[in-house]
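Treat the numbers as computed from the prediction; the structure is a model and nothing was measured. Worth knowing before you read on, the calculation uses all heavy atoms, side chains too, and leaves out hydrogens, waters and symmetry mates.
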Amino acid sequence: MIFSIGSAGGSFLCLFLYARFAQYIQSKFALSTGVINTAIAILFFSLAGYHVVKEFT
């Protein structure tokens, strides 16, 4: 019984710390995430445009 309680408590603690760390990382890179998403969108739109032009020429 002690092992089960310790295992459950340790799992809860690890998942809780993982969630808090993820929130911390997300808050630090909030600006970078927007820039990265915009850059990826521009890349994919330019590739799509290239393939459309290539198809018709």
Side-chain angles (χ1 to χ4, degrees):
M1 185 166 168
I2 293 173
F3 174 77
S4 296
I5 292 171
S7 178
S11 296
F12 176 78
L13 182 63
C14 286
L15 289 173
F16 177 76
L17 291 175
Y18 179 74
R20 296 295 281 179
F21 184 66
Q23 286 177 345
Y24 172 75
I25 294 295
Q26 188 176 17
S27 69
K28 291 295 180 188
F29 293 108
L31 177 63
S32 299
T33 303
V35 172
I36 290 170
N37 287 341
T38 303
I40 290 172
I42 290 170
L43 174 70
F44 283 133
F45 278 121
S46 63
L47 286 173
Y50 169 74
H51 283 287
V52 167
V53 169
K54 185 179 169 185
E55 187 69 31
F56 289 115
T57 58

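- Enclosure of atom CD in Glu55 is not indicated, since only 12 or fewer non-hydrogen atoms of other residues, nucleotides or ligands lie within 6.0 angstrom.
- Linking ILVMFWY residues whenever their side-chain heavy atoms come closer than 4.5 Å, directly or via other members, places Leu47 and Ile40 in the same cluster.
- Counting only heavy atoms from C-beta outward, the side chains of Tyr24 and Arg20 never approach each other to under 4.5 Å.
- Counting only distance, with no hydrogens or angles, the side chain of Ser11 and the backbone of Ala8 share no donor-acceptor pair below 3.5 Å.
- In this structure a side-chain-to-backbone donor-acceptor pair under 3.5 Å is present from Thr57 to Val53.
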